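One structure is given here, and the rest of the page talks about it.
No experiment lies behind these values; they were computed from the predicted model shown. For the numbers below, each heavy atom of this structure counts, side chains included, while hydrogens, waters and symmetry mates do not.
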Amino acid sequence: MNNKNRMSMKKLIYEFEMNKINLLHMFHAVFFILLMVGWQEASAEGSGNPSAGSHTLNGVVRDAYSKKPLNAVQIKTLNAENSAVSNEEGQFSIKLNSAEGVLVAVAYDYNIRQLAVRGNDSIVIDLYPDNFSNYYLLVEGIKGSADNLTSPFSLKSVTGSNQSGAITADNIIQETMGGDLRAINRSGVAGMGASLFVRGINTLNINAQPLFVVDGVIWNNQSGQTSIHQGYIANPLDIIDVNDIENITLLKDGVSIYGSKAANGVILIKTKRGSNTVTKIDLNIVTSISTQPKSIPVMDATQYRTYVSELIKTAGLSNEEIDQLPYLNDNQARSTYLTYHNNTDWSNQVYQTGFSKSYSINVNGGDEKALYYLTLGYTSNTGVVKSTDMERYNIRLNADIKMTEKAGLGLNVGFSRIDRNMIDDGVNSYSSPTWISLIKSPLLSPYNYTSLGSKTSEYTYYDIFNVGNPGGIIENSNNTMKKNSFNITLKPTYQLSPELLISEQFDYSINKTNEDYYRPYLYAAPITIEGIGESENARMSQVIRNNSIFSDTRLSYSHKFNTFHALNVILGSRFIFNSLESDYVEGHNSLSNSSVNLPGSFKNLKTDGVNDLTKSLSHYVNVDYSFNNKYFLNTAMSIDGSSRFGRETQDGFHMFGHSWGVFPSINGAWLLSSESFMKNAKAINLLKLRAGFGLTGNDDIPNYQNDVYFTSIRFRDVANGAVLVNLANPEIQWETTRKANLGIDMSVLNDRLLFNVDIYSSLTKNLLTKRQYQDVAGLNYYWSNGGELSNNGVELSVNAKILNINKFGWEFGVSAGHYVNKITSLPDDLYNSLSALGVNGYTTDVYDGEVLTAVGQPAGVFYGYKTQGVFSTREEAEAADLKIQNSDGTYSTFGAGDMIFEDVADANGVKDGIINANDKQIIGNPNPDLYGTITNKFNYKKLTLKTLFTYSYGNDVYNYQRSQLEAGKDYSNQSTRLNNRWTSEGQITSQPKAVYGDPMGNGRFSDRWIEDGSYIRLKTLSLSYDIPFSSKFLDHLNIWVSANNLFTLTNYLGADPEFSSENGILYQGVDAGLLAQSRSFSFGLKFGL
Amino acid sequence: MKRTCNILLLMFVLILTLFLASCNGLLDVDSKRLVTDEEFGHSSNDSLYSTFGILSQLQKLADSYVLLGELRGDLLDVTDISDLDLKEINNFSISSDNSYAKINDYYAVINNCNYMLQNLDSSVVNNGEKRNLSQYAAIKSIRAWTYMQIALNFKTAKFYDKAILTVEDSKQTYPEYTFDELADILISDLEPLKDVDFPSIGYIGSYNTSYSYFPIRFLLGDLYLWKGDYLNAAREYYELMYKDRLTVNKGYTSSWQTENNTIGTTANLNWFYAFIGSAEVITTITCPTQYGQTFNLDSLNMQHKIVPSALAISNWDNQTYFLNEASNTQGDLRKYGSLWWKNEVTSNSTKTTTYVKGDDVADPYYIMKYMMYSQNVVVYRTALLYLRYAEAVNRLNKPNLAYAVLKSGLNNVNYYDKKIFTQSEKDSLSNEFMNFADTRFSYNTGIRMRGLGNEVKDTTFYRFETQATMQDSVLYVEDLIQKELALETAFEGNRFHDLMRIALRRIKNGEGDASYLANLVSAKHVGDEAAIKAILMNTDNWYIKK
């Protein structure tokens, strides 16, 4: 953005701030004026019909390939004021109010096409078969469905379809919106969903996921909800059956109607509703199988034995002691020989072929009085990790009841239940079987031997290396999650007058999640826990209840003046109440796999929980104005209050003892292609310019920050004490994101080629950051607003109908997103500030690594040591003379076989020869340069072949998993890459020597573990066939097969370059070893009855 | 139709107005789990919760109290395997992130105390009677002790007596006082409360909560002693001894068994029972390690990351155990209550531990005191009280009385012994702080008698002969007290500040300079004496840089 623009934006903001005090009053005034207008209109019974068309247009409709005329095509103007039907020669004649309107052509088996008249007297409309994807759609917006063409927003809308075995909406979002938002599948566990980032990163420490609005109701996205199952992330979208989704719309702009909740973009999901009085029944059947995922290759028994015998010499054991170790003693007469002389591939204990099936039946119908949509769905998945599975039942009823001519009632009732059997996932040496299968010594056997030397089917207990038995853990664990969700929405509407509609949407929802966890005795190794000692087995249980009330009262006014002016105004007030209660209990050491009752059997009981109430209230106004369907303007504003906001915020204004944030936005579009002066630009079919500017916010600040509060502690087992833990911060407020957008939608070559380009720039202020308290507070840090970050980027999508020949079509699409994220300022009093090292920022510990948050850098960069290989000889090491300081204050010198860490010169250019915190540098950036999708669609008659590639380019990954498998510091099994470790003087290698305990820190967080995470993946390949059918019972039948994740091109050494281990921004790009996505193959049938 | 419209519109406006008008309550939320200011602190139950909350915060200071007090002194030392944090303390190079020198933790205690005091204050007024006064005094005592620790360790303390409850408050500038300035405030704060009894909450499990408070007279005595107001110090210490019947009880004597009036090879060790749950324990900081609370002293000791210095050991070894002129032996039996080593041969009967003389040359030693503490750090006990009393009366020109604390004991028999309680030291004021005629003092014994045999008879090895001038006598006895503190209260956390107090006093009186402390402490740093002495010659380095 250039300076001038920035200036004018500043001015706008300034003026806005000057006036904000008066805004609420204005709001009230406007409200009443509009009410009066509405009243007047309502009183004046029936205004006159618009005058008959002033412009007559003759045209012809043809098939785009054969150029044959098409009969019975419905032609209408964009607002359906006038219409016509083509005759057998494809000819039609229509009267238009304006010579600059847009014609809509609708024909069976063909895509809808919209074409500007541009003052022409005649027009030729070529239609494409409906196998092609279509830009001219109705999109779901703030005020309901609207024509994509007339929307001034930067948005992407898709209709739900499932030909990939997708289980949740996130999958569809990823498959269809690749370049419009960055969607990263969390893991290979079914239904875990994806982390979604719209237009860069708009926060550092709080929720970065978009707002989900489902059927008009704002959902709690549960981003802060933690599970007791490692590697599991709650996905709010998993309760919706993908077959129930009518469409999904992504709003990328500053859509201020959602005010303090919209900084991360908004995703509107609309579920299907009854549309026709003709009863239709659809039946969907999908089955899939999934293969074992890839994992990092680990050593076999021979390699491992060499490794471990080498390592053990560095652990200070004498040769005699080493000889007595059962796994190194080859005397077959010893009783332990069989136990320690195997070559086990532990992954066999863990993985199986996954299997999914999904059935859904939905009925759509009704009568004059009521339309309904009823669905029943069942999905089940058997995971690729043994014993894991998922089952989902869902029921939904959406009904629209016409009570009187003017009064209506919308009713949505949804229920879903998800049952999961789970197991800890990710790097965890005690309870994650997938991880244990990598690190467990291959010398051991999964099963016990009898004294006579024959193998039994009894699982062995945890081993001499303190590593459990993955098979035994799987068999004896009992880890479940049950999630019940129910919601009911009532939406009464009343048409006060043709222009004025009043509506209230009320929603009540309950989400309850019960989690149970059991880590078995003896099969899992004991964990040393501070305050408990050895935890031999443990049980945890958690119940989370989330109740929400949502209410949205709206008054809508729409009016058309003088033929060309259309005005739509919405005034509304929205209230959200959310109650989150979680109760957690854990216990240890029942010392039996059969006594698993928490009270009684377990000791060291510990309880925890939260009880957070949140309320937010928003008053909003949305004004849409268009002139002659050429100029479109949307302005919106919301005034938001929340129980989370402090009472004395810096921004916004104060009223009723609370602080209120004000969020205005303006978006405009100019449909250039409708202008008469474009008459001769025949090659251009569509040209639309869009511009938008708005303020949005993020209200996901911690609860109760504006109050002083105490927390209860346990004192000497039996007494309770209260400790002051939070000081009131009445200034705490929302983060403010200012968004600006410029976009072009352009279609050329008779709509064969469509481009959408958006350039955006956003600035987030008042970032929530951790601050250092003054010593007198007696506390460490508090949350406060301060700091700014910017995102500048571009989104591009191209869609081409490459071939459209007789019954054969080829469509190609590519989408790409690019952003530059930069932290532009941070407050001075940061907690854990690195200012002593000359860095304006702080670091956060993330999986044994460090993530830097610093001015001038993007969010989430990795901060550690740079390496320059391995010292191959003693001379080389002595010449370098690099040291570390030990925890006892002494120094140790790096020797041959140790890593060479870069010694960074200080401000005076002096290298101190000591490798310490001063030598940390930025070693990687998890933000991609480019991400998106590439799609191809081939169709021949009723046969369709689709490919979908997803890609990410230029993102760095911290391979935490590999850092644990290549550390060479303990007896756990290691990656085969460690076979190249340094073992002898003069050896040139990239892997340092293996030393027990890694005293020199060769495995520390360094660029050894940072990799290029770029990839391109054939996400979906699908083939579907619409069986032409015409029977009394069957309306249509579609049959399809698809393959997911067939191949991935990447240099990444980990199992899968696509993962998102946690929701937080600072955790992106960290491979915590969650279950990799594997290949899956699906088969589906869709019956229409 | 029109009517319906109007009604509906009216309703709509009404609803909206209601929404707006009730905004105030509409956005207020509360939590069942967290307790806010408005809801908390006003009932007597709440003050109990507050008290336990404060004790849990006080626990964070326990490790620091001992390690900062001892590692900077001459008796406790680090080893090669000690963590850098410990080595930093030992070398007077404490960095800002040293986990045992976090000033935040001290202010956490202060602020929680302030909050509770504030609420107790208001409830006292509300009820028109001093119902909560005992709790009030208890919390004031904890706060005063904590403030003393801040000023002693960090040179100055920021003073505030209103709880900091908002971020804004925390950013204010608070007056910063040196120890002497602070002492005046604390003295006027505590004086009115010195006769208030502490609350009796009783036992929590096996823990006696009455040990959790710092007797106000002890604190006042300390404050006066630091300020140089010896008369008031002596009065407060004495009053505490008198009122609480605190004695150095001869029952806790460790002694060699005798045969035919000669020292045998077996000793009965009783002395260390004085500091576990005995009547001699006055104040402890209790340090449970469950529920996320930490206490490191035990493991540091067991891992040999803190060990007794050679100096500490030779202090005991160089004493003479006296049975009679003919039968005496080297060594103070208090060593065997202060230290423990793996080869030690002891056996326990119900009340007595028996030790058989053997090879005690074991390196390194464990610190027996810390093992006896069992998750309680003893801050105040009677022996320390008597030694502080001795320090005060000595400075009131009563060196013989002070010496009697060490050697003969202040009991009702000795009171009439003119050699011990010399007539010249009994003056018009003496009744106020040196009347030990009461039978409550009958068990009092000389502090040394509990480890060094029949001291009262010893005229050879341990003697005090009046010096040329009173000042010389006072300095002589003060040195004896300082040495006795090392024998009696080694490793308990007060060593560095005791040396500092004496050294500062001598500097102030023109009786010496920083070398008094510098020489004593640097002697521990064998091979590095000069460097450590150089650091300690600057009294600024006696404090931790903030």
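Using a cutoff of 4.0 Å between basic side-chain nitrogens and carboxylate oxygens, Asp829(A) and Arg771(A) are scored as salt-bridged.
Counting only N and O atoms by type, the side chains of Ser642(A) and Asp699(A) include no donor and acceptor under 3.5 Å apart. Side-chain contact check for Lys770(A) and Ser784(A): no donor-acceptor pair (N or O, by modelled atom type) lies under 3.5 Å. For the residue pair Ser95(B) and Asn98(B), no side-chain donor N or O sits within less than 3.5 Å of a side-chain acceptor on the partner.
The 12-atom threshold is exceeded at NZ of Lys603(A), counting heavy atoms of other residues, nucleotides or ligands nearer than 6.0 Å. More than 12 heavy atoms of other shown residues, nucleotides or ligands fall within 6.0 angstrom of atom CZ in Phe506(A).
The heavy-atom pair separating Leu779(A) from Leu724(A) by the smallest distance is CD2-O, 3.7 Å.
Contacts of Asn780(A) with chain B are made by both backbone and side-chain atoms, with heavy-atom separations under 4.5 Å. With a threshold of 4.5 angstrom between heavy atoms, Lys87(B) approaches chain A through side-chain atoms but not through N, CA, C or O. Interface remark: Asp97(B) contributes no atoms to any contact with chain A (heavy atom separation under 4.5 Å). In this structure, chain A has no heavy atom under 4.5 Å from any part of Leu86(B). At a 4.5 Å heavy-atom cutoff, Asp105(B) makes no contact with chain A through either its backbone or its side chain. Proximity to chain B is limited to the side chain of Glu731(A), based on heavy atoms less than 4.5 angstrom apart. Contacts between Ser82(B) and chain A at a heavy-atom distance below 4.5 Å involve the backbone alone (N, CA, C, O). For Thr614(A), the part lying under 4.5 angstrom from a heavy atom of chain B is the backbone only. In this structure, chain A has heavy atoms under 4.5 Å from both the backbone and the side chain of Ile164(B). Heavy atoms closer than 4.5 Å to chain A are found in the side chain of Tyr160(B), but not in its backbone.
Interface check for chain A: of the options Leu55(B), Ile110(B), Ile54(B), the most heavy-atom pairs under 4.5 Å are formed by Leu55(B). Ranked by heavy-atom pairs shorter than 4.5 Å toward chain A, the options Asp85(B), Val78(B), Asn112(B) are led by Asn112(B).
Separation of the Phe154(B) and Tyr543(B) ring centroids does not fall under the 6.0 Å cut-off.
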